[in-house]
Amino acid sequence: MSETSPKLRAELEGIPTYKPGRPAAAGGPVAYKLSSNENPYPPLPGVMETVTAAVSSFNRYPDMACTGLMNELSERFGVPLAHLATGTGSVGVAQQLVQATSGPGDEVVYAWRSFEAYPIITRISGATAVQVPLTEGDVHDLDAMVDAITDRTRLIFVCNPNNPTGTVVRRAELERFLDRVPGDVLVVLDEAYREFIRDAEVPDGVTLYRDRPNVCVLRTFSKAYGLAGLRVGFAIAHEPVAAALRKTAVPFGVSQLAQEAAIASLRAEDELLGRVGSLVCERNRVVDGLRAQGWTVPETQANFVWLRLGERTVDFAAACEQAGVVIRPFPGEGVRVTVGECEANDIFLKTAEGFRKEL
């Protein structure tokens with residue numbers, strides 16, 4: 001038997017592995033999972049029935065063109081079909097965007113810390129990741145991001161609201177930023193948490209994209225719509241970019257169940273808005289509670305909160321787990337805590353209060 005191994009791409013060396021939020025331990029002390037920014041509510045009315053009806057077609061390939069979903073999205077957002085592309089969650093579409101724009105010798109710019117998939121999908125494509133530190137307030141430093149652009153820059157991610165900090169960039173600063181970015185550099189507005197925004201000064205990326213050919217908007221059904229387990233997201237972009245996304249898509253990647261569930265979810269918008277409203281109220285309660293305890297909490301427009309804890313991060317996460325909630329630690333930096341059920345939020349707040357007193 002040969003002692004040699006197959007040659008793999010050198011770019012894979014050192015690429016970090018994506019770390020999903022830990023689940024609540026079965027039979028253990030942890031009762032609630034607040035580590036993955038999931039929606040705590042069950043599927044919207046009509047979705048379960050739609051998915052159940054579609055189960056009988058498991059033996060058939062899904063509609064590769066996602067025709068029904070594309071038509072629904074076109075009508076919902078008032079965009080041409082040619083400006084749409086679907087994928088396996090917004091992260092799947094993000095990877096397609098990097099594949100379509102960037103390779104060895106190219107650069108991808110994004111804030112840091114931001115969505116942890118960005119460095120992974122960038123390095124998988126062979127491109128160079130250019131990380132621009134957040135401001136002291138944990139917000140995108142858009143001026144620094146513009147200054148980081150070189151003749152090798154092909155794509156810029158702007159996560160708005162930002163994951164994991166929940167902070168946002170507002171209309172004036174974002175428009176000024178877009179005006180300064182060269183037209184041959186694609187700007188991706190990652191709006192996975194768009195539905196949770198209540199700040200009127202945060203622009204809708206779909207409005208910005210309309211007269212800017214180098215702007216692409218990412219959305220997902222995983223968060224507000226509660227379809228995280230079905231993996232369906234989409235992009236809105238001008239035709240050349242959308243066409244490139246359709247070329248780089250994994251054939252039949254979006255299952256028929258996901259397509260049908262997404263369509264049914266779009267048609268249950270009234271119920272969706274009610275659920276999101278309830279989560280926003282809980283978000284405000286959690287933030288107010290933490291600040292009353294003395295914590296510094298960045299303003300969040302997402303369905304999670306961010307606490308900078310530095311070297312105490314792992315200890316805090318352990319205290320939460322012991323109390324009955326699992327959260328998402330970023331060792332040496334801080335924790336991201338999803339807004340979940342009222343009972344889970346109460347446990348988290350009580351734990352945070354006790355931990356704060358020990359500091």
Side-chain angles (χ1 to χ4, degrees), residues 21 32-45 47 76-77 89-90 114-115 137-140 158-171 174 189-207 217-228 233 262 265-293 295-307 320 325 327-328 334-353:
Y32 295 100
K33 180 185 177 187
L34 302 180
S35 56
S36 290
N37 297 340
E38 296 160 333
N39 189 323
Y41 293 109
L44 289 160
V47 174
R76 168 66 178 77
F77 292 98
S90 57
S114 191
F115 184 31
D138 290 316
V139 179
H140 279 61
V158 178
C159 192
N160 201 31
N162 186 47
N163 178 12
T165 63
T167 53
V168 292
V169 291
R170 295 178 171 84
R171 180 175 291 101
L174 185 54
L189 303 179
D190 188 344
E191 297 184 338
Y193 301 92
R194 170 68 202 173
E195 292 83 3
F196 299 101
I197 294 175
R198 291 297 180 270
D199 186 335
E201 289 303 308
V202 181
D204 185 331
V206 178
T207 301
V217 181
L218 290 185
R219 298 283 179 90
T220 184
F221 286 92
S222 297
K223 310 304 181 185
Y225 288 93
L227 301 183
S265 296
L266 285 169
R267 294 175 180 175
E269 189 167 34
D270 288 344
E271 181 74 16
L272 170 79
L273 294 175
R275 291 183 175 189
V276 170
S278 296
L279 285 172
V280 168
C281 287
E282 271 297 283
R283 176 185 77 193
N284 295 340
R285 183 176 77 89
V286 169
V287 170
D288 290 345
L290 289 170
R291 288 176 176 167
Q293 294 172 11
W295 294 97
T296 298
V297 186
E299 179 185 352
T300 175
Q301 292 290 317
N303 67 331
F304 52 84
V305 296
W306 171 251
L307 293 179
C320 287
V325 291
I327 62 176
R328 179 68 169 89
V335 297
R336 186 194 67 198
V337 185
T338 305
V339 175
E341 302 90 335
C342 293
E343 297 82 1
N345 301 331
D346 287 341
I347 293 172
F348 164 64
L349 285 171
K350 183 177 180 179
T351 305
E353 183 178 26

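Just so it is clear, the values below take in all heavy atoms, side chains as well, and ignore hydrogens, waters and symmetry mates.
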Steps toward side-chain contact (heavy atoms from CB on, under 4.5 Å) verdict (Leu266, Leu272): CA-CA 9 Å; Leu266 285 169; Leu272 170 79; over 6 Å; no
CA sep, side-chain torsions, deciding dist, call: Val47, Tyr225, side-chain contact (heavy atoms from CB on, under 4.5 Å): CA-CA 10 Å; Val47 174; Tyr225 288 93; over 6 Å; no
side-chain contact (heavy atoms from CB on, under 4.5 Å) evaluation trace for Glu195 with Leu279: CA-CA 11 Å; Glu195 292 83 3; Leu279 285 172; over 6 Å; no
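Residues Phe348 and Leu290 form a side-chain contact, since some pair of their non-hydrogen atoms from C-beta on lies under 4.5 Å apart. Phe115 places none of its side-chain heavy atoms less than 4.5 Å from the side chain of Asn162. Ile197 places a side-chain heavy atom less than 4.5 Å from the side chain of Pro161. By the 4.5 Å heavy-atom criterion applied to side chains, Val276 and Arg198 are counted as neighbours. Counting heavy atoms from C-beta on, the side chains of Cys159 and His140 come closer than 4.5 Å. Between Thr338 and Ser36 the shortest side-chain heavy-atom distance does not fall below 4.5 Å. Annotation: side chain of Leu227 is not in contact with side chain of Asn39 (no heavy-atom distance under 4.5 Å). The shortest distance between side-chain heavy atoms of Val202 and Asn160 falls below 4.5 Å.
Side-chain contact annotation: Asn37 with Arg328, donor-acceptor N/O pair under 3.5 Å absent. Residues Glu282 and Asn345 have side chains that bring a donor and an acceptor to within less than 3.5 angstrom of each other.
Between Asp204 and Arg219 a salt bridge is recorded (basic side-chain N to carboxylate O distance below 4.0 Å). Salt-bridge check for Glu343 with Lys350: failed, with every basic side-chain N at 4.0 Å or more from each acidic carboxylate O. In this structure, Glu38 pairs ionically with Lys33, as a charged nitrogen and a carboxylate oxygen lie closer than 4.0 Å. Taking a cutoff of 4.0 Å between a charged side-chain nitrogen and a carboxylate oxygen, Arg76 and Glu269 qualify as a salt bridge. Ionic pairing of Arg275 and Asp270 is not present here: no N-O contact between side-chain nitrogen and carboxylate oxygen is shorter than 4.0 angstrom.
Looking at every heavy atom in both residues, Leu44 comes nearest to Ala268 through CB-CB, 4.1 Å. Minimum heavy-atom separation, Trp306 to Pro164: CB-O, 3.4 Å. Listed here is the closest heavy atom pair of Cys320 and Ile327: SG-CD1, 3.8 Å.
Of the possible donor and acceptor atoms, one in the side chain of Arg283 sits under 3.5 Å from a partner among the backbone N and O of Ala302. Under the 3.5 Å distance criterion, the side-chain polar atoms of Gln293 are matched with a main-chain donor or acceptor of Leu349. With Thr220 contributing its side chain and Gly89 its backbone, the two residues share no donor-acceptor pair below 3.5 Å. The main-chain N or O of Gly274 is found under 3.5 Å from a side-chain atom of Ser278 such that the two form a donor-acceptor pair.
In this view, Val139 and Thr135, Thr167, Val169 satisfy the side-chain contact (heavy atoms from CB on, under 4.5 Å) rule, not counting sequence neighbours.
For the side-chain hydrogen bond (donor to acceptor under 3.5 Å, both in side chains) with Asp199, the qualifying choice from Arg171, Arg170, Gln301 is Arg170, the only one to do so.
The distance from the CG atom of Asn163 to the CG atom of Asn303 is 9.0 Å, given to the nearest 0.5 Å. How far CZ of Phe196 is from OG1 of Thr300: 10.0 Å, rounded to the nearest 0.5 Å.
For Phe304 and Tyr193, the gap between ring centers is short of 6.0 Å.
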